[in-house]
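I have placed the structure first, in the form of structure tokens, so that the comments after it can refer back to it.
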Amino acid sequence: MYNLFSLPRFSRLFQKHTAEHWKSYLMGAGVLAGALLLVLGFLSYLNGGAPNTRAQAVFFGMFMLGGGFLFTSNIFADFSGKARAIAALSLPASHLEKYVVAWLYSFLFFLLVYIGVFYAVDSVVITLAKYGTQQKPVLNLFAREEKAYYSFLLFAAVHSLALWGSLFFEKLAFIKTAVAFFALLMLVSVLNYSFLKSTLGVDLRFSLPFLSADFIENERAYYRLTPTGTQQYLPELMLLVLSALFWLAAYARLREKQL
Amino acid sequence: MIKVENLSFGYPGRPLLLEDLCLTLEQGHIYGLLGRNGAGKSTLLKNLVGLAFPRAGQCLLNGQSTAKRLPSMLEKVYFLPEEVYVPALSGGQFVARTASFYPQFDGASFQRYLHEFDVPLHAVLSQLSFGQQKKFMIAFGLATNTNLLVLDEPTNGLDIPSKAQFRRLIASTLTPERCVIISTHQVRDLDNLIDTVVVLHQQRIVLNEDLEQLAEHLTFATVSPAHAHEALYAEDSMRGQQAILPNLTGRPSKIDLELLFNAITAPNQALTSYLNQPSYVQSV
């Protein structure tokens with residue numbers, strides 16, 4: 001057990017990571033706040049008022065996924081580059097402890113900080129951009145209409161992929177992981193399209209796997225086949241499975257990393 | 001302490017850099033690992049400390065595979081690479097956050113080493129010169145008191161007085177529980193420091209000998225060209241022929257590491273053949 005996970009050692013590792021990186025993380029949070037303020041402020045200016053909750057949900061998701069992907073792609077920067085990686089890999093702590101520190105910072109703490117920053121900026125924008133006496137409501141993360149909570153599921157998938165990419169690619173992990181992601185998505189979509197087309201025997205429209213099958217019959221009737229019953233949770237389930245697989249792959253990559 | 005068993009290593013998609021190496025390194029010794037540029041010295045060291053994984057064979061530290069990088073193994077090892085990395089922390093902050101990972105770390109000794117090297121403790125490490133950073137990390141490595149201390153080209157980047165201080169400190173920190181491995185291509189930096197020389201050449205360990213033993217069985221001397229044919233190895237120098245001969249007097253000779261290295265890695269294998277004779281000890 002001592003070699004797998006030790007709480008006192010994990011605590012020391014966590015403190016070391018914090019001491020070495022808190023300044024850059026704080027700066028990152030500042031940049032995020034600035035970018036959010038700029039985009040939401042500009043949107044309010046164009047609209048002549050603060051964005052509605054639907055638009056807030058869209059920007060909440062976009063910034064969370066984009067910012068999270070960028071941040072997580074660099075979370076294992078200490079393990080890339082010869083001199084840095086030697087220092088990180090030879091530090092007497094287990095692979096699991098090193099992994100959990102990176103996971104906590106890039107997943108849990110990122111989300112907590114992101115939500116805090118988003119609501120702070122959103123509240124400022126909504127307060128400043130109220131039209132007359134009417135103030136737009138602030139986004140409710142748990143409201144069924146906006147489905148903002150769905151972003152968290154997508155974030156888990158994006159995070160796991162970025163975490164794996166940050167260990168797999170030595171340099172420019174952010175760009176290379178993004179390219180790998182889109183290439184993989186394209187490949188899976190093409191395979192899915194070909195499979196459905198040969199199975200259903202109709203002229204299909206292009207759609208992402210597990211979501212729906214869209215086709216037009218006789219150039220008139222448009223059909224959309226969507227999963228029903230428990231199958232409708234298939235996309236969510238697939239995202240969770242994909243996340244778990246990439247998290248495991250990232251851990252395996254850390255254990256096998258050599259210089 | 002460290003046991004290398006039939007180790008073969010090559011980076012993926014490339015030919016083998018190390019082939020079927022067998023080596024045992026014991027506590028209480030300072031080993032000098034010599035080899036030409038690109039011979040694989042750093043790669044061997046990385047295999048020893050678990051930063052590279054052999055294609056075949058294994059490295060064991062006290063019976064534990066180093067490739068697993070278990071914390072119980074890592075806290076007994078300190079590896080100082082040629083290019084050191086320091087975070088943007090002050091020396092004091094770095095020690096406060098890192099020393100606790102090494103159970104035997106000695107803070108008082110660390111302060112003393114830093115003082116000897118004339119490196120400030122409270123300066124931000126990333127703002128120090130490369131030589132100062134290296135001296136800081138050498139002092140830290142020595143103070144960890146790990147059983148295995150591996151130094152890859154430690155004197156690169158050090159000024160002349162610092163090299164002498166380095167030799168003095170290394171010699172003073174050797175204990176019966178500690179094994180020090182120093183890899184370098186600057187053999188003069190190891191003069192009067194190491195007690196065993198290991199030479200890596202053409203993927204193999206071609207020499208692993210105690211210097212005292214070598215001094216008893218070899219003579220390093222300047223000879224006239226007429227006597228050069230008696231030498232196991234000879235090369236021209238300003239003073240005549242620098243030669244290595246069998247030691248027939250029994251009086252220990254001062255070892256010229258550079259000449260020894262040249263002899264071992266030369267195409268003429270007379271010295272290697274001589275040393276590999278099982279009876280060479282008796283023959284003199």
Side-chain angles (χ1 to χ4, degrees), chain A residues 1-28 74-101 105 167-170 251-259, chain B residues 9 11-12 42-43 45-55 64 66-90 92-105 124-126 130 133-134 137 140-141 144 146 148 150 152:
Chain A
M1 190 60 193
Y2 177 79
N3 279 326
L4 186 67
F5 196 90
S6 150
L7 198 58
R9 193 172 56 219
F10 172 75
S11 163
R12 293 198 299 269
L13 186 67
F14 185 83
Q15 287 173 41
K16 180 175 165 66
H17 184 95
T18 307
E20 291 179 6
H21 297 283
W22 70 270
K23 283 181 188 167
S24 60
Y25 291 171
L26 200 62
M27 211 179 292
N74 290 302
I75 196 71
F76 278 118
D78 284 346
F79 292 81
S80 58
K82 202 173 144 194
R84 284 183 88 173
I86 287 173
L89 287 172
S90 60
L91 187 76
S94 73
H95 293 116
L96 185 61
E97 289 154 3
K98 291 169 187 176
Y99 179 83
V100 172
V101 167
Y105 260 104
L167 279 166
F168 191 82
F169 300 111
E170 283 292 319
Y251 178 60
R253 181 74 191 167
L254 179 61
R255 281 170 59 102
E256 289 166 10
K257 190 154 182 85
Q258 59 173 332
L259 304 170
Chain B
F9 179 87
Y11 287 103
S42 300
T43 307
L45 296 185
K46 283 192 270 182
N47 274 272
L48 291 182
V49 299
L51 293 173
F53 306 147
R55 277 195 204 171
Q64 215 172 20
T66 57
K68 290 181 181 169
R69 292 197 291 250
L70 297 177
S72 58
M73 185 280 291
L74 292 173
E75 55 192 30
K76 294 190 186 87
V77 177
Y78 190 84
F79 176 52
L80 183 84
E82 184 178 2
E83 300 280 330
V84 294
Y85 166 73
V86 290
L89 296 177
S90 73
Q93 287 170 328
F94 176 80
V95 172
R97 298 286 170 225
T98 316
S100 57
F101 288 93
Y102 297 93
Q104 316 266 8
F105 186 84
V124 176
L125 295 175
S126 54
F130 176 71
Q133 289 178 357
K134 197 145 191 182
M137 294 311 289
F140 184 81
T144 56
T146 50
L148 179 64
V150 181
D152 189 8

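Note that the structure is a prediction, hence the values are computed from the model and not measured. In the text below, chain A, chain B and the rest are named by the order of the sequence lines, each starting its count at 1.
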* Asked: Is there side-chain contact between A:Thr18 and A:Tyr105, with at least one heavy-atom pair below 4.5 Å?
  -> yes
* Interchain contact, B:Gln93 with chain A, by part (heavy-atom threshold 4.5 Å) -> neither
* Least distance between heavy atoms, B:Ala88 atom then B:Ser126 atom -> CA-OG, 3.5 Å
* Asked: Can you check whether B:Val86 reaches B:Phe94 side chain to side chain, under 4.5 Å on heavy atoms?
  -> no
* Contact origin within A:Ala87 toward chain B - heavy atom pairs under 4.5 Å -> side chain
* Asked: Between A:Ser11 (side chain) and A:Leu7 (backbone), is there a donor-acceptor pair under 3.5 Å?
  -> no
* **Closest heavy-atom pair and its distance - B:Phe101, B:Glu75** => O-CB, 3.7 Å
* Where on A:Leu91 is there a heavy atom nearer than 4.5 Å to chain B: the side chain, the backbone, both, or neither? -> both
* For chain A, the option from B:Ala52, B:Gly50, B:Pro81, B:Ser100 that forms the most heavy-atom pairs under 4.5 Å -> B:Ser100
* **Heavy-atom pair count under 4.5 Å with chain A, highest-scoring of B:Glu83, B:Arg69, B:Met73, B:Met137** => B:Arg69
* To do: Could you check if a side-chain atom of B:Val77 sits within less than 4.5 angstrom of a side-chain atom of B:Leu74, using non-hydrogen atoms only?
  => no
* Enter the distance from B:Lys46:NZ to B:Asp152:CG here, rounded to the nearest 0.5 Å. => 8.5 Å
* Which pair of heavy atoms, one from B:Thr66 and one from B:Leu48, lies closest together, and at what distance? -> CG2-O, 3.1 Å
* Salt bridge between A:Glu97 and A:Arg9, side-chain N to carboxylate O under 4.0 Å? -> yes
* Asked: Taking side chain as C-beta onward, heavy atoms only, is A:Tyr99 less than 4.5 Å from A:Phe76?
  -> yes
* Asked: Side chain, backbone, both or neither: which part of B:Tyr102 has an atom under 4.5 Å from a heavy atom of chain A?
  -> side chain
* Asked: Any donor and acceptor pair, going by atom type alone, linking the side chain of B:Gln133 with main-chain N or O of B:Leu125 inside 3.5 Å?
  -> yes
* Structure fact -> Per-residue tally against chain B (heavy atom, under 4.5 Å) across A:Leu4, A:Leu89, A:Asn3, A:Ile86 peaks at A:Asn3
* Residues from residues 20-28 of chain A approaching chain B under 4.5 Å (heavy atoms) -> A:Glu20
* Tell me, for B:Leu89 versus chain A, whether the close heavy atoms (under 4.5 Å) come from the side chain, the backbone, both or neither. => side chain
* To do: Would you mind telling me which of B:Thr98, B:Leu51, B:Thr43, B:Leu80 has the largest number of heavy-atom pairs within less than 4.5 Å of chain A?
  => B:Leu51
* Would you say the side-chain atoms of B:Gln64 and B:Ser72 include a donor-acceptor pair closer than 3.5 Å? -> yes
* chain B-proximal positions within residues 252-259 of chain A [heavy-atom distance under 4.5 Å] -> A:Leu254, A:Arg255, A:Glu256, A:Lys257, A:Gln258, A:Leu259
* Asked: Which bit of B:Val49 comes within less than 4.5 Å of chain A, counting heavy atoms only: side chain, backbone, both or neither?
  -> neither
* Measure distances from B:Lys76 to the heavy atoms of chain A and classify the residue's part below 4.5 Å as side chain, backbone, both or neither. => neither
* Under 3.5 Å: donor-acceptor pair, side chain of A:Arg84, backbone of B:Val84 -> no
* To do: Report the residue from B:Tyr78, B:Phe105, B:Phe79 that forms a side chain to side chain contact (heavy atoms under 4.5 Å, CB included) with B:Thr146.
  => B:Tyr78
* Determine yes or no for a side-chain-to-main-chain donor-acceptor pair under 3.5 angstrom, with A:Arg12 supplying the side chain and A:Ala93 the backbone. => no
* Top residue by heavy-atom pair count (under 4.5 Å) with chain A, among B:Ala96, B:Pro87, B:Ala67? -> B:Pro87
